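Notes follow the structure.
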Amino acid sequence: MGKWNKTCNSFKKVREMMEEGIYTTSHCMKIMSAMESCCDELTPNNATEWPFYDAFRDLKSEIHEAIELMDEDDYESCEAEVNYYLDEMYDLCDSARVWLAT
């Protein structure tokens, strides 16, 4: 395994919330908001030269839009959104060699 280029410490909160076992749409939204925080941590204003800067900013924008569109009465679709964006984040972090803190 190669060396990690960065660490996302904010992901600890995502992991903690997922382990809580709360199955509500509002909890899904909180998890998604925590993922937005991860994107913020990985894209500080002075890091525009990092090749993955735009990809993480785009992911944050997509997550934010997904939160806005979530149906608070449909837990299953909210959970599916969380799972989708977790996969997206894992893939992007793997490509960017970002360690997601535990």
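The structure presented is a predicted model; accordingly, all values stated were derived computationally and were not measured. Any value given below was found using the heavy atoms of this structure, including those in side chains, with hydrogens, waters and symmetry copies removed.
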Legend entry - Qualifying residues under salt bridge (Lys or Arg N to Asp or Glu O under 4.0 Å), relative to Arg15, sequence neighbours excluded: none

Inset, instruction - Apply salt bridge (Lys or Arg N to Asp or Glu O under 4.0 Å) to Asp58 and list each qualifying residue two or more places apart in sequence or on a separate chain. - result: none

Inset, instruction - If you link ILVMFWY side chains whenever their heavy atoms are less than 4.5 Å apart, which other residues fall into the same cluster as Leu69? By chain and number, please. - result: none

Inset, instruction - List, by chain and number, the other hydrophobic cluster members for Ile22, where Ile, Leu, Val, Met, Phe, Trp and Tyr join if side-chain heavy atoms come within less than 4.5 Å, directly or indirectly. - result: none

Legend entry - Residue list, side chain to side chain contact (heavy atoms under 4.5 Å, CB included) with Asn5, at least two apart or on another chain: Arg97

Inset, instruction - Apply side chain to side chain contact (heavy atoms under 4.5 Å, CB included) to Asp40 and list each qualifying residue two or more places apart in sequence or on a separate chain. - result: Arg57, Lys60

By side chain to side chain donor-acceptor pair (under 3.5 Å) - contacts of [X] (at least two apart):
X: Ser77; value: Asp74
X: Ser10; value: Glu41
X: Ser95; value: none
X: Ser26; value: Thr24

Below 3.5 Å, can you tabulate the donor-acceptor pairs from side chains in residues 29-39 to any protein atom, sequence neighbours excluded?
unit_1	atom_1	unit_2	atom_2	d
Ser33	OG	Met29	O	3.1
Glu36	OE2	His64	ND1	3.1
Ser37	OG	Ser33	O	3.4

Inset, instruction - Could you check if a side-chain atom of Phe11 sits within less than 4.5 angstrom of a side-chain atom of Val98, using non-hydrogen atoms only? - result: no

Inset, instruction - Find out whether the Lys NZ or Arg CZ of Lys3 is both under 6.0 angstrom from the six-membered ring centre of Trp99 and within 45° of the ring's axis. - result: no

Validation: residues 78-93 side-chain donor-acceptor distances under 3.5 Å, sequence neighbours left out:
unit_1	atom_1	unit_2	atom_2	d
Glu79	OE2	Tyr75	OH	3.3
Asn83	ND2	Glu79	O	3.4

